[in-house]
S.K.: 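Sending over a structure as structure tokens; questions will come in a sec.
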Amino acid sequence: MLGAGVIGGGWAARFLLAGSDVQLFDPSPTAAQAVVTTLEKARRSWRRLTLAPLPAEGSLTLVDTVEAAVTGVDLVQESAPEREALKISLLAQAAEAAPPHAIIATSTSGLLPSRLADGMRGPERFIVGHPFNPVYLLPLVEIVAADRTSPEFVERAAAMYRAVAMKPLVVRREVDGFIADRLLEALWREALWLVADDVATVEEIDDAIRFGAGLRWSAMGTFLTYRLAGGDAGMRHFMAQFGPALALPWTHLMDVPVLDQALLDKLVAQSDAQAGGRSIAELERIRDDCLVAVLRGLAGEGFAAGEVVARTERELYERAGARSDGSAAADGRLRLHEVLAAPEWIDYNGHMTESRYLEVLADTTDAFLRRIGILGPYIDAGRSYYTVETHIRHLGEVHAGDRLSVTTRLLGHDEKRLHLFHEMRRAQDDAPVATGEHMLLHVDRAAGTTTPAAPEILAVLEQIAESQAELPWPEAAGSQVRGPRLRAA
Ligand SMILES: NC(=O)c1ccc[n+]([C@@H]2O[C@H](COP(=O)([O-])OP(=O)(O)OC[C@H]3O[C@@H](n4cnc5c(N)ncnc54)[C@H](O)[C@@H]3O)[C@@H](O)[C@H]2O)c1
């Protein structure tokens, strides 16, 4: 990797988390620290994005020369400042030293690749791989070939980006600004005019996006949105209805407001007011957490960027072998259930609503029952355990994306009864957030009565009880709802 700023650091984090080794060159003395900080942000986001087992992280090596960065690599990703002359000479230097099979990619936001490849050795290997900030979370990468790029390298680059959980979009031909930045620039131009003309503040413009179209864009883009706006008659009807409006002089189109001191001062003052004293780091955390929430939501639908997340999760599970049954013991306790707090679990107080605590605990009880053999044939034969009593203590707040991990104690059992104690913790700080104590009875569903569990089930329970015999009795077990007896006035 060449360059470790906002984008280069994001690339490094994405590849490292996907298990690739990274050799990085950046002349700035602060680059190393910046990458470490970005990697930390990326780890946090991925822990919140998926429970799928990520591969062991790749190794990061900071090197002193361009040559050392590109030696022996499969991909050179250049993310130096957006200056054409600098990029041309840096890319040429990299292409001299990189292996012939290595893809040479630039992150440029809009410079024409055929100009950047000027004088490069092996120009058939050169592509634009244009990512979006934060690179470790947003899946899109635009691939643009230069005039001498070979299609084989375009395909290889697409496969390589796909392997690090991205959505490669091959741009059909070389144009300034590619696809995404041309669209974004149109919006940006108009937004600047609206501020310059005092039609709206920067905050009002952001609200106009994020409370409306912005939400829709993440799933439907612009063309699917307008197809739906046309009703049953679709796009033809939409164009008939709204096409003529394009002739109205609504926008400034190609004009740009004069970026004089007064406009710059206004933009900066409004932007500072909008940030409300929150630091860049705080705003980045809000951005990343919200992006994770959107991606997680879309993953559930398997739509748009959610398709990439769902595909990546499938691949991660396949690569890690069969999904672990989670029954590995943690100091005698069983660790049976892990889950990410979903955005829809959050209530008006901003944290996980009460019923979801029970849901997570009940899912843990189900995992325990599977662990002891209460599975298909046993249940089909009409036998199961029913929960007859539950006591939950709420100890801490859970926010969207928090990873929850539950451990389980078997406090007691006999032929018909099971007494379980679950402890739910927030993975990021290991803070306890809830305990659940549950009494279950073994039943014969057809007869509608309690009945002894089968000997093979009781044998497993005996084993678990023995493995937990040394654990101290949980202080909270057997507790009741505390506090004074309240009387009606
Ligand atoms: N910021 C974005 O949102 C964004 C999005 C997509 C693409 N890009 C593109 O990515 C590239 C990098 O942008 P950025 O925002 O990360 O900029 P940045 O200023 O944050 O980082 C540039 C880094 O390059 C380093 N650098 C300077 N000269 C170098 C050299 N000769 N060799 C190696 N490294 C060198 C700098 O020290 C710095 O760390 C640009 O081409 C930009 O257009 C930016």
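Ligands are counted one by one from 1 in listed order, and the atoms in each one are counted from 1 as well. Note that this is a predicted model, so its numbers are computed, not measured.
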S.K.: Only one of Arg156, Gln77, Lys167 forms a side-chain hydrogen bond (donor to acceptor under 3.5 Å, both in side chains) with Tyr161, so which one is it?
M.R.: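 Passing option: Gln77.
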
S.K.: Are the side chain of Ser114 and the backbone of Asp147 linked by a donor-acceptor contact shorter than 3.5 Å?
M.R.: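 Yes: the side chain of Ser114 pairs with the backbone of Asp147.
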
S.K.: Mark yes or no for whether Arg14, through its side chain, and Val135, through its backbone, hold a donor-acceptor pair below 3.5 Å.
M.R.: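 Yes, Arg14 side chain to Val135 backbone: donor-acceptor pair under 3.5 Å.
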
S.K.: Does Lys87 come within less than 4.0 angstrom of ligand 1, counting non-hydrogen atoms of the residue?
M.R.: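 For ligand 1, residue contact (heavy atoms, under 4.0 Å) with Lys87 is present.
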
S.K.: Would you confirm whether Thr50, through its side chain, and Trp46, through its main-chain N or O, come within 3.5 Å as a donor-acceptor pair?
M.R.: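 Flag not set: sc Thr50 to bb Trp46 has no pair under 3.5 Å.
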
S.K.: Touching ligand 1 at all, Leu86? Heavy atoms, strictly under 4.0 Å?
M.R.: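 Within the 4.0 Å threshold, so yes.
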
S.K.: Which residue holds the protein heavy atom closest to atom 35 (C) of ligand 1, what is that atom called, and what is the gap in Å?
M.R.: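 Answer, as residue, atom name and distance: Pro27 CD, 3.4 Å.
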
S.K.: Short question: side chain of Arg356, backbone of Ala341 - any donor-acceptor pair under 3.5 Å?
M.R.: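 Not at all, since once roles are kept as given, no pair shorter than 3.5 Å links the two residues.
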
S.K.: With a 4.0 Å heavy-atom cut-off (strictly under), which part of Leu90 contacts ligand 1: side chain, backbone, both or neither?
M.R.: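 The answer is the side chain.
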
S.K.: Mark up the atoms of ligand 1 that fall under 4.0 Å of a heavy atom belonging to Ser107, in ascending order.
M.R.: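 Every atom of ligand 1 under 4.0 Å from some heavy atom of Ser107: 7 (C), 8 (N), 9 (C), 10 (O).
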
S.K.: Any protein heavy atom sitting closer than 4.0 Å to atom 41 (O) of ligand 1?
M.R.: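 Given the 4.0 Å cut-off, atom 41 (O) of ligand 1 counts as touching protein heavy atoms.
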
S.K.: If the plane angle is over 60° it's perpendicular, under 30° parallel, otherwise tilted; pick one for Tyr226 and Phe238.
M.R.: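 The rings of Tyr226 and Phe238 lie parallel, inter-plane angle below 30°.
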
S.K.: For the backbone of Ala97 and the side chain of Glu67, can you confirm whether one donor and one acceptor N or O come within less than 3.5 Å of each other?
M.R.: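 No: the side chain of Glu67 does not pair with the backbone of Ala97.
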
S.K.: Between Arg48 (side chain) and Ala293 (backbone), is there a donor-acceptor pair under 3.5 Å?
M.R.: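 Here the side-chain-to-backbone pair does not exist.
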
S.K.: Can you tell me the protein heavy atom closest to atom 11 (C) of ligand 1 and the distance?
M.R.: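 Protein heavy atom at minimum distance: Ala80 O, 3.3 Å.
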
S.K.: If only atom types and distance count, is the side chain of Thr435 paired as donor or acceptor with the main-chain N or O of Glu423 below 3.5 Å?
M.R.: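 Flag not set: sc Thr435 to bb Glu423 has no pair under 3.5 Å.
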
S.K.: Check each atom of ligand 1 against the heavy atoms of His130 and keep those under 4.0 Å away; list them by number with element.
M.R.: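 That gives atoms 6 (C), 7 (C) of ligand 1.
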
S.K.: Using a 4.0 Å heavy-atom cut-off, say whether Ile7 meets ligand 1 through its side chain, its backbone, both or neither.
M.R.: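 For Ile7, the contact with ligand 1 is made by both the backbone and the side chain.
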
S.K.: Verify, without hydrogens or angle tests, whether Glu78 (side chain) and Leu90 (backbone) share a donor-acceptor contact under 3.5 angstrom.
M.R.: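 Not at all, since once roles are kept as given, no pair shorter than 3.5 Å links the two residues.
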
S.K.: Determine whether any heavy atom of Phe25 lies closer than 4.0 Å to an atom of ligand 1.
M.R.: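 Phe25 counts as a contact of ligand 1 under the 4.0 Å cut-off.
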
S.K.: Could you tell me, atom by atom, which parts of ligand 1 come under 4.0 Å of a heavy atom of Asn133?
M.R.: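 Close to Asn133: 3 (O).
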
S.K.: Tell me, which protein residue and heavy-atom name are nearest atom 21 (O) of ligand 1, and how many Å apart are they?
M.R.: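 Result: Gly5 CA, 3.2 Å.
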
S.K.: Please confirm whether Pro81 approaches ligand 1 to less than 4.0 Å, judged on its heavy atoms.
M.R.: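 Per 4.0 Å heavy-atom rule, Pro81 contacts ligand 1.
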
S.K.: Mark yes or no for whether Arg285, through its side chain, and Lys41, through its backbone, hold a donor-acceptor pair below 3.5 Å.
M.R.: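 No: the side chain of Arg285 does not pair with the backbone of Lys41.
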
S.K.: At a 4.0 Å threshold, what atoms of ligand 1 neighbour a non-hydrogen atom of Ser109?
M.R.: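 Near Ser109, meaning under 4.0 Å from one of its heavy atoms, ligand 1 has 6 (C), 7 (C), 8 (N), 9 (C), 42 (C), 43 (O), 44 (C).
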
S.K.: Considering the heavy atoms of Ser28, write down every atom of ligand 1 situated less than 4.0 Å from one of them.
M.R.: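 Every atom of ligand 1 under 4.0 Å from some heavy atom of Ser28: 37 (O).
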
S.K.: Regarding atom 36 (C) of ligand 1: of the candidates Val135, Leu24, Asp26, which has the closest heavy atom?
M.R.: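 Comparing heavy atoms across Val135, Leu24, Asp26, the nearest one to atom 36 (C) of ligand 1 lies in Asp26.
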
S.K.: Measuring from atom 12 (C) of ligand 1, which candidate in Gly8, Ser79, Pro131, Gly129 has the nearest non-hydrogen atom?
M.R.: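 Selected option, by shortest heavy-atom distance: Ser79.
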
S.K.: Using a 3.5 Å distance criterion without hydrogens, assess whether the side chain of Arg296 forms a donor-acceptor pair with backbone atoms of Leu49.
M.R.: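 Judged by distance alone, yes, a pair lies under 3.5 Å.
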
S.K.: Would you mind listing which atoms of ligand 1 come within a distance below 4.0 Å of any non-hydrogen atom of Thr108?
M.R.: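 Heavy-atom distances to Thr108 below 4.0 Å select 41 (O).
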
S.K.: Out of all atoms in ligand 1, which are within 4.0 Å of some heavy atom of Val6? Include the element for each.
M.R.: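 Counting atoms of ligand 1 from 1, those under 4.0 Å from Val6 are 15 (O), 16 (O), 20 (O).
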
